[in-house]
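Notes follow once the structure below has been shown.
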Amino acid sequence: MSGHQFDKPNFVDQVLSIIDETGIKACQLEIELTESSLMRHPEKVASILEQLRRIGCNIAVDDFGTGYSSLSYLKTFPLMVLKIDRSFVRDIPHDSRDISISNSIISLAKNLHMETVAEGIEEMEQFSTLQRLDCTYGQGFLFSRPVPAEQLQEVLADLNRQAWMNEPS
């Protein structure tokens, strides 16, 4: 979500309407914000995020570590997921600093009872290293290129079959 969407007075009502219209469960919906969006109007954003959490939505911070990087918002906002920015994933496993930063984010998230998502996984070595670091989830071209909505079910079925074999495509 963009910070501008949070500025709309009826944002939570819009989310509730979408949930009702689509029939999905709120727990299946993850609202994702960048660090900079969180910090635009922290009190207002915190209130909106609390309402979304009460509904049952999951809240994720995208591009963690690339913006404000103030750890105080990790206790201020009801966050459930930290997304490791692709800039820290790109040179794994060859750059020890990227491995250290990713490992630190994963450890921090675990200690705060959050999950992690590594963005931009393109190579099996990145995937393997992040698995060893105990990253919760990964996303990137290694798993799938962008596809039209009508092909999504097929891609998800393929990924589910591959999960049984414990390896991406």
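Heavy atoms only: backbone and side chains are in, while hydrogens, waters and symmetry mates are out. Since the model is a prediction, treat every value here as computed from it, not as a measurement.
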Calculate, to the nearest 0.5 Å, the distance between atoms [atom1] and [atom2] belonging to [X] and [Y] respectively.
X	Y	atom1	atom2	result
L82	E35	CG	CD	9.0 Å
L133	N103	CG	CG	4.5 Å
I19	T22	CD1	OG1	7.0 Å
L108	T116	CG	OG1	10.5 Å
L79	E32	CG	CD	11.5 Å
D13	D20	CG	CG	12.0 Å

(message) Under a plain distance cut-off of 3.5 Å, with no hydrogens placed, do R132 and T129 share a side-chain donor-acceptor pair?
(response)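 T129 vs R132: donor-acceptor pair found between side chains.
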
(message) With no hydrogens and no angle check, just 3.5 Å: does a side-chain donor-acceptor pair link S107 and S104?
(response)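 Result is no, nothing qualifies.
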
Nearest atoms (heavy-atom pairs only) where [X] meets [Y]:
X	Y	result
C57	I31	CB-CG1, 4.3 Å
L130	I106	CD2-CD1, 4.5 Å
N58	C27	ND2-O, 2.8 Å
V81	M114	N-CB, 4.4 Å
E30	A60	OE2-CB, 3.6 Å
C135	A118	SG-N, 3.7 Å

(message) For V12 and I48: C-alpha separation, side-chain torsions, deciding distance, then whether side chain to side chain contact (heavy atoms under 4.5 Å, CB included) applies.
(response) CA-CA 7 Å; V12 175; I48 292 169; 3.9 Å; yes

With side chains defined as the heavy atoms from C-beta onward, is the minimum distance between [X] and [Y] less than 4.5 Å?
X	Y	answer
D91	I99	no
V61	L33	no
Q139	I121	no
F77	V45	yes

(request) Apply side chain to side chain contact (heavy atoms under 4.5 Å, CB included) to T136 and K110, showing your working. (result) CA-CA 9 Å; T136 317; K110 271 191 199 173; over 6 Å; no

Single-linkage hydrophobic cluster, 4.5 Å side-chain cutoff, [X] and [Y] together:
X	Y	result
L142	V147	yes
I101	L112	yes
Y73	M80	no
I24	V15	yes
V117	M124	no

(request) Tell me whether the centres of the aromatic rings in F88 and F64 are closer together than 6.0 Å. (result)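 No; F64 has its ring centre 6.0 Å or more from that of F88.
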
(message) Test side chain to side chain contact (heavy atoms under 4.5 Å, CB included) on I55 and L29; report intermediate values, then the result.
(response) CA-CA 10 Å; I55 294 167; L29 182 61; over 6 Å; no

(request) Look only at the side chain of Q126 and the backbone of E123, and say whether a donor-acceptor pair between them is shorter than 3.5 Å. (result)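 At least one qualifying donor-acceptor pair exists.
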
(message) Using only atom types and a distance under 3.5 Å, with no angle test, would you say the side chain of Q28 pairs donor to acceptor with the backbone of K25?
(response)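 Here the side-chain-to-backbone pair exists.
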
(request) Give a yes or no on this: more than 12 heavy atoms of other residues, nucleotides or ligands lie within 6.0 Å of atom NZ of K44. (result)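 Yes.
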
(message) For F11 and M1: C-alpha separation, side-chain torsions, deciding distance, then whether side chain to side chain contact (heavy atoms under 4.5 Å, CB included) applies.
(response) CA-CA 11 Å; F11 178 73; M1 311 302 304; 3.4 Å; yes

(message) I'd like to know if R90 and E122 make a salt bridge, using a cut-off of under 4.0 Å between side-chain N and carboxylate O.
(response)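 A salt bridge is absent here (no side-chain N lies under 4.0 Å from a carboxylate O).
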
